[in-house]
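Worksheet: the structure to be examined is printed underneath.
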Amino acid sequence: MKQTATGDIPSVRTRSCSVLVPAPDFSSYQLYMFSGSTGWDAVYVLDMYVLSIPAFVWKKIHPKNYPNEWGIVDMACTLTRHD
């Protein structure tokens, strides 16, 4: 099955990290995807995207306090608190 998404769709990524955050009633989810490499060309990127599920709409989030030329790969993401 193939799912179609809309919005600010990110480039293909490898070596990124993601965290899935449920709504309090588990009726929806937010998938946070952070940085990574853009695939075979190995360009490292520093950005964040959020995918709303079940709407399947991507939104680009702009991280603060990082120079634009930095890229981050092979990191771990952890959900530390969710209220």
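All residue numbers in this chain count up from 1 along the given sequence. None of these values were measured; they are calculated from a predicted model.
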For this session: Quick one: pull up CZ in R13 and OG in S18 and give me the separation to the nearest 0.5 Å.
Result: 10.0 Å

Exercise. Does L46 belong to the same Ile/Leu/Val/Met/Phe/Trp/Tyr cluster as V19, with side-chain heavy atoms less than 4.5 Å apart forming each link?
Worked result: yes

For this session: Give the intermediate values and the outcome of salt bridge (Lys or Arg N to Asp or Glu O under 4.0 Å) for residues D74 and R15.
Result: CA-CA 5 Å; D74 299 333; R15 303 170 67 189; 2.5 Å; yes

Problem set entry | OH-OG distance between Y49 and S35, expressed to the nearest 0.5 angstrom | 10.5 Å

Problem set entry | Pairwise distance CH2(W58) to CG(L31) - rounded to 0.5 angstrom | 5.0 Å

For this session: Group every Ile, Leu, Val, Met, Phe, Trp and Tyr by side-chain heavy-atom contacts under 4.5 Å, then state whether F56 and F26 land in the same group.
Result: yes

Exercise. Going only through I, L, V, M, F, W and Y residues with side-chain contacts under 4.5 Å, is there a path from V12 to I9?
Worked result: no

Exercise. Stepwise, does the side-chain contact (heavy atoms from CB on, under 4.5 Å) test hold for D47 with F34?
Worked result: CA-CA 6 Å; D47 56 15; F34 182 67; over 6 Å; no

For this session: Would you give the length of the straight line joining atom CG of L51 to atom CG of D8, rounded to the nearest 0.5 angstrom?
Result: 11.5 Å

Problem set entry | Nearest atoms (heavy-atom pairs only) where S27 meets D25 | OG-OD1, 2.6 Å

Problem set entry | Same apolar cluster (I L V M F W Y, side chains within < 4.5 Å links), V21/M33 | no

